[in-house]
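Heavy-atom basis, side chains included; hydrogens, waters and symmetry copies ignored.
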Amino acid sequence: MLIAQSKLTAQGQISVPAEVRRKLGVGPGAVLEWEETTGGIVVRRAGRHTSEDIHHAVFGDHTSARKSAHEMKQGIRGHMRKRHASG
């Protein structure tokens, strides 16, 4: 379903239409993520993580092992570094 359209400037910039900003809950200074999928490109507000994302970052595939607070913080920190690594 088409929500809105944007025009690309010569500098590679776009304006995010008001309707899209409202739906994403973003304003000035907000960061948007662009992710390539098999069906195209997905744009979303950065910083929104599901509980499943957090669980996987903290526990990986091992759900039965207990983790200390320090291990959980390290897991989250490592996940965020990988997710937001530049280059």
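Among pairs with a residue in residues 5-18, none fulfils salt bridge (Lys or Arg N to Asp or Glu O under 4.0 Å), at least two apart in sequence or across chains.
Taking each heavy atom of I3 and K23 in turn, the nearest pair found is CD1-CD, 3.8 Å. Residues S6 and S15 approach most closely at OG-O, 2.6 Å, considering heavy atoms. Closest non-hydrogen pair, E33 versus A46, comes out as CG-CB, 3.6 Å.
Placement of V26 and V42 in two distinct hydrophobic clusters is found when ILVMFWY residues are connected by side-chain heavy-atom separations under 4.5 Å, directly or transitively. By the rule that hydrophobic residues join a cluster once side-chain heavy atoms approach within less than 4.5 Å of another member, V16 and V31 end up as members of separate clusters. Tracing side-chain contacts under 4.5 Å through hydrophobic residues (I, L, V, M, F, W, Y), one reaches V43 starting from L8; they form part of the same cluster.
Two residues are said to be in side-chain contact when any heavy atoms from C-beta on lie closer than 4.5 Å; T9 and I14 fail this criterion.
Distance alone, capped at 3.5 Å, is enough to place a donor-acceptor pair between the R45 side chain and the G25 backbone.
More than 12 heavy atoms of other residues, nucleotides or ligands sit less than 6.0 Å from atom CD of E19.
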